[in-house]
Number of protein chains: 2
Amino acid sequence: MQTFQTEETRPFRELCADHGLTVTHQRQVLYEVMQTMPGHPSPEEVYARVKRRIPAISLATVYKNIHLFVERGVLKEVSMHHGSLRVELNSHLHHHMVCSHCKAITDLDEKDLGELPALQSLPGGFQAERYAIDVIGICAACQKAKRS
Amino acid sequence: MQTFQTEETRPFRELCADHGLTVTHQRQVLYEVMQTMPGHPSPEEVYARVKRRIPAISLATVYKNIHLFVERGVLKEVSMHHGSLRVELNSHLHHHMVCSHCKAITDLDEKDLGELPALQSLPGGFQAERYAIDVIGICAACQKAKRS
DNA sequence: ATAGCTGCAAATCGTTTGCGCCATG
DNA sequence: CATGGCGCAAACGATTTGCAGCTAT
């Protein structure tokens, strides 16, 4: 029987090893900070938080590592509808609701969507790995705002 | 019985009226040009084409009108995975396949996905209007490239 | 008439890059 | 000690803005 650990609880050194990344202080803090930011932060937002713990860190380093993390599958890139890159920890299966009015992004558990079609035999021999579903609509707050 | 016309065939003046837009020469050409660009063009690409018919047009005007069109539902904003805005005419129901390797985007007819869950009773009182589904995977070309 | 649109140029924003120094393996 | 990562500052591309003159309704 195999021990099961999520990426959140597994020690950071091990996670880096798994993804072929060198362990550095900056990366560790970056990762820890992202664990405390459950939303879909922009690089600037992550930078602001990390800076509280490593005041000398550079925005360029944050960008470089976010990209590295995305490439290696530690982070996932999220949705469009923003002028800037948004990321989230690559954890459990979920999708997003995007308000077409205020652009807010909310998580949507995959099971709230009901049964999804199987990913097979797509045109052009495309080999599918996963869905990224955005449900576009109006969030509750904007519905209220429009009524008034 | 009601006459059915797609947005592609309906005269431009009517389309503008429907969406509360003033009719201008620039907008008409912009729209016509987009009809001949079936992919997911960037503002620069649209600009280059429009410029052939209105040499004096400004890139700023293209941006302003693309945004206006998106706001009013004439155009749809497409996927991420690009460093720039991508749009397409808001015509028939389809989604996208995005190659995680080369970032190419291919259209995917909604019926190729099979039955989708109904959009109702989402958490937080979110009022859904439509899906935007990206199927992430590896395109045929990149599969070949990897094998070699 | 008048509100809205246009082109222009400058400004801004998010992101990337080159490079000399430093840390990790 | 050899790679690879870091911080800095400059560069860059994409997009936005302010404004003065023109256009559609």
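This is a predicted model, so every value here is computed, not measured. By convention in this document, chain letters (A, B, ...) are assigned in the order of the sequence lines, proteins followed by strands, and residues within each chain are numbered from 1.
For the pair A/Ser42 and C/dG14, the criterion of a side-chain N or O lying under 4.0 Å from OP1 or OP2 is not met. A sub-4.0 Å separation between OP1 or OP2 of D/dG4 and a side-chain N or O of A/Thr24 is absent. For C/dG7, one of the phosphate oxygens OP1 or OP2 lies less than 4.0 angstrom from a side-chain nitrogen or oxygen of B/Gln26.
Side-chain atoms of A/Asp107 and A/His40 form a donor-acceptor pair, as typed in the model, at a separation below 3.5 Å.
Proximity note for A/Ser84 (side chain, C-beta onward) versus C/dT15, D/dC6, C/dG7: the nearest is C/dT15. In the set D/dC6, D/dT25, C/dT6, D/dC6 carries the atom at the smallest distance from any side-chain atom of A/Thr61. The side chain of A/Arg13 lies closest to C/dG25, out of C/dG18, C/dC8, C/dG25. Across D/dG5, C/dC8, C/dG14, the shortest atom-to-atom separation from the side chain of A/Arg27 is found for D/dG5.
A/Glu14 contributes no side-chain N or O that, together with a main-chain N or O of A/Pro11, makes up a donor-acceptor pair within less than 3.5 Å.
The residue among B/Pro43 and A/Ala60 whose nearest nucleotide of DNA chain D is located toward the 5' end is A/Ala60. Across the interface with DNA chain D, nearest-nucleotide mapping of A/Thr22 and B/Leu21 shows A/Thr22 to be the residue nearer the 5′ end.
Contact annotation for A/Leu59: base contact, defined as any heavy-atom pair under 4.0 Å involving a base atom.
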Next item on the list: Apply the test side chain to side chain donor-acceptor pair (under 3.5 Å) to residues A/Glu88 and A/His96: give CA-CA distance (whole Å), side-chain angles for both, the deciding distance (0.1 Å), then the verdict.
Entry: CA-CA 12 Å; A/Glu88 67 184 4; A/His96 297 101; 3.1 Å; yes
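When rounded to the nearest whole Å, the span between CD1 of B/Ile54 and P of C/dT6 equals 9 Å. In this structure, B/Tyr63 places its OH atom 12 Å from C1' of C/dC13, rounding to the nearest Å. Counting to the nearest Å, the P atom of C/dC5 and the CZ atom of B/Phe69 are 11 Å from each other. Nucleotide D/dG5 holds its P atom 16 Å from the CD1 atom of A/Ile66, rounded to whole Å. One interatomic measurement links the two molecules: CG of A/Leu85 to C1' of C/dT16, which rounds to 13 Å at whole-angstrom precision. Distance NE2 (A/His67) to C1' (D/dG4): 19 Å, rounded to an integer number of Å. The distance between atom NE2 of B/His25 and atom P of D/dC22, rounded to the nearest whole Å, is 18 Å. If you measure from atom CZ of A/Arg86 to atom P of C/dC13, you get 15 Å, rounded to the nearest angstrom.
In this structure, A/Phe12 and A/Phe69 have perpendicular ring planes: the angle between them is above 60°, well past the 30° mark.
One cannot find a donor-acceptor pair under 3.5 Å joining the base of D/dG4 and the side-chain atoms of A/Lys64.
Across every non-hydrogen atom of A/His95 and A/Tyr131, the tightest pair is CE1-O, 3.5 Å.
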